[in-house]
Amino acid sequence: MADDGAITRAVTGGATTRWAPGSQILWRYRENGGARFHIVRPVTVVRDDPDLLAVWMAPGTECVKPVLADGTPVHLEPLASRYTKPRTVRRDRWSGTGVLKLARPDEPWSVWLFWEPGWRFKNWYVNLEEPRSRWAGGVDSEDYFLDISVRPDRSWRWHDEDEFAQAQHDGLVDAELAERVRAAGREAVEVIRAWRSPFCESWQNWRPDPAWTVPSLPDDWDRTPAHTAP
């Protein structure tokens with residue numbers, strides 16, 4: 001992005017700069033075991049305060065995603081070689097309905113809400129990840145493979161346990177990190193069982209402002225920022 005102000009609209013609150021509703025920022029993930037960014041999603045800020053960052057990824061948003069060096073989608077590669085074959089990234093469009101992402105400071109997960117066409121609520125998705133670090137143009141994290149889905153009836157299940165195990169086998173997740181991820185997962189499950197925030201807050205009834213435009217993907221989406229407080 002040529003200028004931080006070109007994509008964000010910030011307001012200052014205490015020691016941390018907060019983004020005003022409607023600001024457009026980047027939600028990025030570094031590659032596992034590396035420093036490059038391999039997932040980048042332009043999003044619109046719904047709410048940003050000391051308790052919560054909520055952002056909306058609109059349908060059709062141009063994103064960056066990882067692929068194998070020959071262009072093969074990552075999910076089509078057998079698990080045994082999925083994390084060892086050379087990779088690159090490519091621009092693509094987010095297909096399907098949009099996603100609302102909710103993240104609390106210092107919490108090692110974010111909660112995503114998915115809908116079917118026509119705004120029929122589908123599920124919550126707990127994405128276990130490194131607590132996000134903030135910079136002028138967005139937030140950065142690292143995905144931890146293991147996830148949890150939560151249905152409207154409050155039932156839940158683990159996802160991608162096989163990928164989490166393979167990542168450990170391939171050296172992308174060491175024993176110490178693996179235990180921290182499992183502990184975070186157990187903590188998230190307790191939040192689900194107790195039906196605490198954000199699950200109890202009716203975010204499934206939220207709708208985006210129709211005046212919002214779809215954020216564009218800047219050319220320097222992979223810039224190295226000066227990070228600020230979480």
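Along the sequence shown, residues are numbered consecutively beginning with 1.
The closest side-chain heavy-atom distance from Val64 to Phe37 is not below 4.5 Å. Within the 4.5 Å cutoff, no side-chain heavy atoms of Leu146 are placed close to those of Trp109. Using a 4.5 Å heavy-atom threshold, the side chains of Trp195 and Val150 count as touching. Under the 4.5 Å side-chain criterion, counting only non-hydrogen atoms from C-beta, Cys63 is not in contact with Leu217. A 4.5 Å side-chain heavy-atom check between Val46 and Val55 finds every atom pair outside the cut-off. Two residues are said to be in side-chain contact when any heavy atoms from C-beta on lie closer than 4.5 Å; Arg193 and Trp156 meet this criterion.
Side chain of Trp221 to backbone of Leu26: no donor-acceptor contact under 3.5 angstrom is found. The closest donor-acceptor contact from the side chain of Trp94 to the backbone of Thr97 lies under 3.5 Å. A donor-acceptor pair is defined here as one N or O able to donate and one able to accept, closer than 3.5 Å; such a pair exists between the side chain of Gln168 and the backbone of Phe164. Between the side chain of Ser110 and the main chain of Lys101, no donor-acceptor pair closer than 3.5 Å is present. For Arg87 (side chain) and Val67 (main-chain N/O), no donor-acceptor pair under 3.5 Å exists by modelled atom type. Distance alone, capped at 3.5 Å, is enough to place a donor-acceptor pair between the Asp209 side chain and the Ala211 backbone.
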* To do: Start with the C-alpha distance between Leu113 and Gln204, add both sets of side-chain angles, then the distance that settles side chain to side chain contact (heavy atoms under 4.5 Å, CB included), and finish with yes or no.
  => CA-CA 7 Å; Leu113 283 77; Gln204 62 270 32; 4.3 Å; yes

* To do: Assess whether side chain to side chain contact (heavy atoms under 4.5 Å, CB included) is satisfied between Arg18 and Arg47, documenting all intermediate values.
  => CA-CA 9 Å; Arg18 300 289 171 188; Arg47 169 182 157 187; over 6 Å; no

* Could you walk me through whether Trp19 and Asp49 pass the side chain to side chain contact (heavy atoms under 4.5 Å, CB included) test, one step at a time? => CA-CA 8 Å; Trp19 295 297; Asp49 58 39; over 6 Å; no

* To do: Would you check, one step at a time, whether the test side chain to side chain contact (heavy atoms under 4.5 Å, CB included) holds for Trp158 with Val126?
  => CA-CA 9 Å; Trp158 294 102; Val126 179; over 6 Å; no

* Decide yes or no on ring-ring contact (aromatic ring centres under 6.0 Å, His included) for His169 and Tyr83, but give the supporting numbers first. => CA-CA 10 Å; His169 178 271; Tyr83 302 124; over 10 Å; no

* Run the salt bridge (Lys or Arg N to Asp or Glu O under 4.0 Å) check on Glu179 and Arg186 step by step: do they pass? -> CA-CA 10 Å; Glu179 181 49 40; Arg186 291 191 294 268; 2.9 Å; yes

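A single hydrophobic cluster is not seen to contain both Val89 and Val74; linkage of ILVMFWY side chains at heavy-atom distances under 4.5 Å, directly or through other members, places them apart. The cluster map of Ile, Leu, Val, Met, Phe, Trp and Tyr, joined by side-chain heavy atoms under 4.5 Å apart, puts Leu100 and Trp212 in the same cluster. The hydrophobic clustering, which links ILVMFWY residues whose side-chain heavy atoms are closer than 4.5 Å, places Tyr144 and Trp27 apart. Transitive grouping of hydrophobic side chains (ILVMFWY, heavy atoms separated by less than 4.5 Å) keeps Leu52 and Val43 in distinct clusters. A chain of hydrophobic side-chain contacts below 4.5 Å, direct or via other Ile, Leu, Val, Met, Phe, Trp or Tyr residues, connects Val139 to Val99.
Between Ala58 and Thr61, the shortest heavy-atom distance links the atoms O-OG1, 2.6 Å. Counting all heavy atoms, side chain and backbone alike, Pro215 lies closest to Thr44 at CG-OG1, 3.5 Å. Scanning both residues, Ala188 and Ile148, for their nearest heavy atoms gives CB-CD1, 4.1 Å. When every heavy atom of Gly98 is checked against every heavy atom of Pro59, the shortest pair comes out as N-CG, 3.5 Å. Contact detail for Gly33 and Glu142: the closest heavy-atom pair is N-OE2, 4.1 Å. Smallest separation of non-hydrogen atoms from Ala80 and Gln166: O-NE2, 3.7 Å.
In summary, Arg30 and Glu130 engage in a salt bridge, as defined by a charged side-chain N under 4.0 Å from a carboxylate O. Glu62 and Arg90 are not joined by a salt bridge, as no carboxylate oxygen comes within less than 4.0 angstrom of a charged side-chain nitrogen.
Here the straight-line distance linking atom OG of Ser202 with atom CZ of Phe121 works out to 10.5 Å at 0.5 Å rounding. With rounding to the nearest 0.5 Å, the separation of CG in Asp70 from OG1 in Thr72 is 3.5 Å. The line from CD1 of Ile39 to NZ of Lys65 is 10.5 Å long, rounded to the nearest 0.5 Å. In this structure, the separation between CZ on Arg28 and CZ on Arg41 is 13.5 Å, given to the nearest 0.5 Å. Distance CG/Leu102 to CD/Glu201: 8.0 Å, rounded to 0.5 Å. Between atom CZ of residue Arg132 and atom CH2 of residue Trp135 there is a gap of 16.0 Å, rounded to the nearest 0.5 Å.
Taking the six-membered ring where tryptophan is involved, the planes of Trp112 and Tyr125 are tilted, since the angle between them lies from 30° to 60°.
Residues Asn32 and Asp143 have side chains that never bring a donor and an acceptor to within less than 3.5 angstrom of each other.
Within a 6.0 Å radius of CZ in Arg36, no more than 12 heavy atoms belonging to other residues, nucleotides or ligands are found. Other residues, nucleotides and ligands place more than 12 heavy atoms under 6.0 Å from the CZ atom of Arg207.
Listed by chain and residue number, Trp119, Trp206 satisfy the ring pair (Phe, Tyr, Trp, His ring centres under 6.0 Å) test with Trp56 (two or more places apart in sequence, or in another chain).
The aromatic ring centroids of Trp124 and Phe199 lie less than 6.0 Å from each other.
Residues in residues 146-165 take part in these salt bridge (charged side-chain N to carboxylate O under 4.0 Å, His left out) pairs, two or more places apart or across chains: Arg82-Glu163.
Screening Thr17, Asp48, Asp140 against Arg134 for a side chain to side chain donor-acceptor pair (under 3.5 Å) leaves a single residue, Asp48.
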